[in-house]
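Below you'll find the structure, written out as structure tokens, and then a few comments.
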Amino acid sequence: MELKGTRQASEARSAGPESGGPRGDTTKVVVLVPFLTRRAEADAVPRRSLEARVDEAVGLALAIDLDVVAALPIGLGQIRPATYLGSGKVEEIAGIVAAEDAGLVFVDAPLSPVQQRNLEKAFSAKVIDRTALILEIFGQRARTKEGVLQVELAHLNYQRSRLVRSWTHLERQRGGFGFLGGPGETQIEADRRLIGERIVKIERELEQVKRTRALHRASRKKVPYPVVALVGYTNAGKSTLFNRLTQAEVMAQDLLFATLDPTLRAVQLPSGERIILSDTVGFISELPTQLVAAFRATLEEVIEADVILHVRDMSHEDAQAQASDVEGVLGDLDIDPQDHQRVIEVWNKIDRLSEDDRTSLFNTVERREGDERPVPVSALTGEGVEGLLLAISRRLARDRVSLKVDLEASDGEGLSWLYRHTEVMERRQDEEGHLHLAVRVPPDRAEHIERRFGGRRLPASRRG
């Protein structure tokens, strides 16, 4: 794309952050999406369409209510160590920033501290990269104590990497103690020390939160309700599906990272079995490494889940690339995304497809075998949701143990306990009033029922 406005560039460079800060309106942002040209990429094939990348970058800016005044894809022959972009592009963009009175420039790429500082001087505007903007979004969305701590930890780790001696105020020295205390520590050393101390404190607090969450998980296992976790690319419709399944009112908007903190709700399956459904933070391509580490505690709900629903937006042009990004994060959590006995692909937003695309999608579903078959749904309209619940039931039932239990008609307490803690598949009453039930439970619960009720295991042919 041809950029215009080079006259203002020289003026823009005359005043940088060190001479008064950004000149423009800091609510106005120019979005830059750098990409290597095909010549530079050689044989590499871009995984994402450029249009989708620009749309996502704009979506990230809009997620914190910024006014996007320009969104520009920037073709690069190579990445420049000093400014990331070529000098000619820097001048042209500086002109646009000045003309639009923008006080903020978002570069949808990872910038080094030196690159960030040089671009800020050139643009006379605050420059943030992809990691900084995602951290800002997470900072606004965090609601629980754990979420706030995790975001702050990620912010501090990011800020520590930004402390470079090229910022003059960080080189000023503070006096030492006493008359002969020496030169003391520089501001950069003081900042690093303070950040390091705060990081240690937050990590301790998170350890306590982690222990509390582990206790909650342990108490849930005693019930025990299976845990089913929703994962997916941000804006894939997870929260809308969560609301559809639970009748809850979790925030669900056409907005990147609309949901941040995990939410848990109970859901009853068609079989009568109750499960705990967990909605988690949406994934995104090039997720900052600080966030992957900081949010591991939150994602432990996924690690511990009995069944994982991978929700995909099948109306999105980059649906396959988004799925690859999600699978990459699952792999980082030591979860095999190809384990179809545990992971169910949910092909969402089929209501947005044309008739031809719907036909093609359903034909693809029919060609898949067994557990590899995805479940097409529309979380918005409810289409396919019953089939999804049945698929969850089948996955949970596979490893369950079926038992026959006999009860006296007067044992109302025992009957109530069985209905609360097992899946009752069959119930009949004989002429003498005795109750005969067939129930299904997780393997670790079978022994308890055998001891308490004298339950007898059914042969494999009678299970499920």
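What you see is a predicted model; the values in this text were computed from it and never measured. All values below come from the heavy atoms of this structure, side chains included, with hydrogens, waters and symmetry mates left out.
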Any donor-acceptor pair under 3.5 Å linking the side chain of S416 with the backbone of G412?
no
Heavy-atom check, side chain of V228 versus side chain of D306, under 4.5 Å:
no
Check whether any side-chain N or O of H436 sits under 3.5 Å from a backbone N or O of K404 as a donor-acceptor pair, and report yes or no.
no
Please confirm whether the backbone N or O of S360 pairs with a side-chain atom of T364, one donor and one acceptor, at under 3.5 Å?
yes
Check whether the side chains of D406 and H434 place a donor and an acceptor atom closer than 3.5 Å, and report yes or no.
no
Test salt bridge (charged side-chain N to carboxylate O under 4.0 Å, His left out) applied to R358 - qualifying residues, sequence neighbours left out
E383
Contacts of type side chain to side chain donor-acceptor pair (under 3.5 Å), residue S315, not counting sequence neighbours
D313
Please examine the side chains of L390 and V375, heavy atoms only from C-beta on, and report whether any two atoms are closer than 4.5 Å.
no
Using modelled atom types only, decide if a donor and an acceptor are shared between the side chain of D129 and the backbone of Q116 within a distance under 3.5 Å.
no
Quick check: does any side chain N or O of R342 sit under 3.5 Å from a backbone N or O of A305, one acting as donor and the other as acceptor?
yes
Side chains of F106 and L66, heavy atoms from C-beta outward: is any pair under 4.5 Å?
no
Around E317, counting heavy atoms of other residues, nucleotides and ligands shown, do more than 12 lie under 6.0 Å from its CD?
yes
Does E197, at its CD atom, have more than 12 non-hydrogen atoms belonging to other residues, nucleotides or ligands within less than 6.0 Å?
yes
When you measure from the side chain of R312 to the backbone of G232, do you find a donor-acceptor pair of N or O atoms at a distance under 3.5 Å?
no
Should V377 and I350 count as side-chain neighbours, where that means a heavy-atom distance under 4.5 Å?
no
Does the side chain of I202 come within less than 4.5 Å of L206's, by heavy atoms?
yes
Kindly indicate whether the side chain of R352, heavy atoms from C-beta on, has any atom under 4.5 Å from the side chain of L380.
no
Result of checking I308, V231, V329, L330 against P337 for side-chain contact (heavy atoms from CB on, under 4.5 Å)
L330
Side chain D318, main chain A321, donor-acceptor under 3.5 Å
no
Looking at D108 and R130, is any side-chain nitrogen of the basic one under 4.0 Å from a carboxylate oxygen of the acidic one?
yes
Got V401 and I449 here, is their nearest side-chain heavy-atom distance under 4.5 Å?
no
Heavy-atom check, side chain of E366 versus side chain of R373, under 4.5 Å
yes
Determine the minimum heavy-atom distance between P73 and V54, stating which atoms define it.
CB-CG2, 4.3 Å
Under 3.5 Å, is there a donor-acceptor pair between the D279 and S239 side chains?
yes
Using the rule side-chain contact (heavy atoms from CB on, under 4.5 Å), only one of I79, V107, L72 pairs with P34; which is it?
V107
Any donor-acceptor N/O pair, E100 side chain to V68 backbone, under 3.5 Å
no
Over 12 non-hydrogen atoms of neighbours within 6.0 angstrom of CD in E51:
no
Determine the minimum heavy-atom distance between V343 and H310, stating which atoms define it.
CG1-CB, 4.2 Å
Please check this pair: side chain of R395 against backbone of H340, looking for a donor-acceptor N/O pair closer than 3.5 Å.
yes
